[in-house]
Asker: 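Take this structure first; my questions come after.
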Amino acid sequence: MATAEARPDPPAGVRRPRSARGRARWTNQLLAEEYPGVVCELDHSNAFELLAATILSAQCTDARVNMVTPTLFRRYPTPADLAGADPEELEEIIHSTGFFRSKARSLIGMANALEDRFGGEVPSAMKDLVEIPGVGRKTANVVRCVALGLPGLPVDTHVLRLSRLLELTTETDPVKVELELNPMVPADERGEFSMRMILHGRRVCFARRPQCAECVLAWFCPSVSL
DNA sequence: ATCCCGAGGG
DNA sequence: CCCTCTGGAT
């Protein structure tokens, strides 16, 4: 009763989508118009560097990560170099990104895994990526779609929240959300879809007070409040 | 205060 | 499922 039909009208001649797939299609199309040319903002020149940068990006801005990675990559250019890093020296380099002890442990563990189990290369299979210390599903998908050119739909806190608000899914587990979204987004658009959802989550659809009046998705968003 | 593209452990 | 890990920007 309190939230009944406070929804804007659809564009002229357009039917409000009634299925999750239909809402996903409109979401993908409208966010592509809203945020064209979206790119990964973590500076890197290969998959190993992107993997390290993504591990550092947890609870930290990309800009901050980009301030430490030049020093990091100069000091440890290869997985072999990073595998033999002195933890304290590494912690000092990455200190300003936060969580520096656990991130240092993850980075060294990651480099050792690459050396010991993957011939010094970043593996491409999801199954292998998530075995690497410090690499979860989200990080694995970032590396897959950005550095390896493989299908990947990173589901972070924003993608999860927006997907549920838009009722593209009813799942609460990020892995289930990813698997449910996959067939709704063309394989070669999943990475950009994810990055645009994240941008929209940061700029418009805030967790606390979503700016529905500014949102291009409001005309079909089941959770809109105006 | 709240946010920043999480992951591991109990 | 909760907790912890952590610094910087606004």
Side-chain angles (χ1 to χ4, degrees), chain A residues 27-28 31 34-35 37-44 47 49-69 71-72 87-88 90-114 122 126-148 150-166 168 171-178 181-182 185 189-211:
Chain A
T27 300
N28 190 26
L31 291 187
E34 194 77 349
Y35 311 108
V38 62
V39 288
C40 175
E41 293 183 42
L42 293 170
D43 294 340
H44 63 283
E49 291 187 358
L50 179 63
L51 182 50
T54 307
I55 288 172
L56 291 178
S57 74
Q59 294 301 101
C60 178
T61 60
D62 291 352
R64 172 61 56 185
V65 173
N66 292 336
M67 290 182 208
V68 312
T69 45
T71 306
L72 180 70
E88 289 188 27
L90 178 55
E91 285 173 12
E92 197 178 319
I93 294 172
I94 68 173
H95 178 274
S96 70
T97 65
F99 296 162
F100 60 90
R101 281 187 214 91
S102 40
K103 285 177 181 176
R105 246 180 280 122
S106 292
L107 288 175
I108 293 174
M110 174 272 275
N112 275 291
L114 296 191
V122 177
M126 176 62 65
K127 158 188 171 307
D128 291 332
L129 283 166
V130 295
E131 301 271 328
I132 299 170
V135 180
R137 190 93 185 175
K138 183 237 139 188
T139 300
N141 273 311
V142 169
V143 170
R144 277 175 59 85
C145 67
V146 175
L148 304 175
L150 295 168
L153 204 165
V155 174
D156 77 321
T157 173
H158 297 292
V159 177
L160 181 64
R161 184 179 74 256
L162 269 64
S163 296
R164 288 176 51 76
L165 289 171
L166 290 161
L168 311 184
E171 298 290 349
T172 55
D173 172 19
V175 178
K176 291 182 182 169
V177 170
E178 178 195 329
L181 289 181
N182 270 338
V185 183
E189 297 174 26
R190 287 172 196 161
E192 293 185 317
F193 174 83
S194 175
M195 288 190 271
R196 287 169 176 141
M197 290 278 268
I198 290 163
L199 271 184
H200 198 63
R202 284 163 45 178
R203 297 183 184 176
V204 179
C205 190
F206 312 131
R208 300 280 168 164
R209 196 181 180 293
Q211 307 299 106

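All chains are named by letter (A, B, ...) in the order of the sequence lines, taking the proteins before the strands, and each is independently numbered beginning at 1. All figures in this text were calculated on a predicted structure; none of them were measured in a lab.
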Asker: Under 4.0 Å between a side-chain N/O of Arg208(A) and OP1 or OP2 of dA1(B), yes or no?
Answerer: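 Checking Arg208(A) against dA1(B): no side-chain N or O falls below 4.0 Å of OP1 or OP2.
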Asker: Pick the closest DNA chain B nucleotide for Ile132(A) and for Cys60(A) by heavy atoms, then say which residue is nearer the 5' end.
Answerer: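 Final value for this comparison: Cys60(A).
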Asker: Side-chain N or O of His158(A) less than 4.0 angstrom from OP1 or OP2 on dC3(B)?
Answerer: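 Answer is no, no contact under 4.0 Å.
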Asker: I want to verify a distance call: between dG8(C), dG6(B), dC3(B), whose nearest atom is closest to the Ser96(A) side chain?
Answerer: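 Nearest to the side chain of Ser96(A) among the choices is dG8(C).
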Asker: Compare all side-chain heavy atoms of Leu150(A) with those of Cys145(A) and state whether any distance is below 4.5 angstrom.
Answerer: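 Heavy-atom side-chain distance check fails, nothing below 4.5 Å.
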Asker: Distance check: side-chain N/O of Gln59(A) vs OP1/OP2 of dG6(B), anything under 4.0 Å?
Answerer: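 For dG6(B), OP1 or OP2 has a side-chain N or O of Gln59(A) closer than 4.0 Å.
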Asker: For atom P, what is the distance between dA7(B) and dG8(C), given to the nearest Å?
Answerer: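 Comparing P positions in dA7(B) and dG8(C) gives a spacing of 22 Å.
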Asker: Should we count CD of Gln211(A) as having more than 12 external heavy atoms under 6.0 Å?
Answerer: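 Yes, CD of Gln211(A) has more than 12 neighbouring heavy atoms, counting only those of other groups under 6.0 Å.
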Asker: Going by heavy atoms in the side chains, are Pro151(A) and Glu189(A) under 4.5 Å from each other?
Answerer: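 No - every pair of side-chain heavy atoms lies 4.5 Å or more apart.
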Asker: Can you find a heavy atom in the side chain of Met197(A) that is under 4.5 Å from one in the side chain of Leu168(A)?
Answerer: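 Contact flag for Met197(A)/Leu168(A) side chains = yes.
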Asker: Grab the CG-P distance between Leu51(A) and dG6(B) for me, whole Å please.
Answerer: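 So the two atoms are 15 Å apart, to the nearest Å.
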Asker: Using the P atom as the reference point in each nucleotide, state the distance between dC5(B) and dT10(C) in Å, no decimals.
Answerer: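 Going atom to atom, P in each nucleotide, I get 13 Å.
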Asker: Determine, for Arg137(A) against Glu178(A), whether the closest basic-nitrogen to carboxylate-oxygen distance falls under 4.0 angstrom.
Answerer: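 Answer for the salt bridge query: yes.
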Asker: Compare side-chain N and O positions of Arg64(A) against OP1 and OP2 of dG7(C) and report whether any pair is under 4.0 Å apart.
Answerer: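 So the side chain of Arg64(A) is outside the cut-off, no N or O lying under 4.0 Å from OP1 or OP2 of dG7(C).
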Asker: Quick check on dA7(B): is either OP1 or OP2 less than 4.0 Å from any side-chain nitrogen or oxygen of Thr139(A)?
Answerer: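 It does, given that an N or O in the side chain of Thr139(A) lies less than 4.0 Å from OP1 or OP2 of dA7(B).
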Asker: Calculate the interatomic distance between Ile108(A) atom CD1 and dA7(B) atom P; express it in whole Å.
Answerer: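 In whole Å, dA7(B) P and Ile108(A) CD1 are 19 Å from each other.
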Asker: So Val135(A), base contact, sugar-phosphate only, or nothing? Heavy-atom distance under 4.0 Å.
Answerer: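 It contacts sugar-phosphate atoms only.
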Asker: So which nucleotide from dG6(B), dG7(C), dT2(B) ends up closest to the side chain of Phe99(A)?
Answerer: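 Nearest to the side chain of Phe99(A) among the choices is dG6(B).
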Asker: Measuring from the side chain of Asp156(A) (C-beta onward, heavy atoms only), which nucleotide among dT2(B), dC5(B), dG7(C) has the closest atom?
Answerer: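 It is dC5(B).
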Asker: Using a heavy-atom cut-off of 4.0 Å across all strands, would you classify Thr157(A) as base, sugar-phosphate, or nothing?
Answerer: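 If one applies the 4.0 Å heavy-atom cut-off, Thr157(A) turns out to touch the sugar-phosphate alone, with no base involved.
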Asker: Arg202(A) CZ to dC5(B) P: how many Å, rounded?
Answerer: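 The answer, rounded to whole Å, is 3 Å.
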Asker: Which listed nucleotide (dC3(B), dC5(B), dT6(C)) is nearest to the side chain of Asp62(A)?
Answerer: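 Taking heavy atoms from C-beta onward, the closest nucleotide is dC5(B).
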Asker: In whole angstrom, give the distance that lies between atom CD1 of Ile55(A) and atom P of dC4(B).
Answerer: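 Going from Ile55(A) (CD1) to dC4(B) (P), I get 21 Å.
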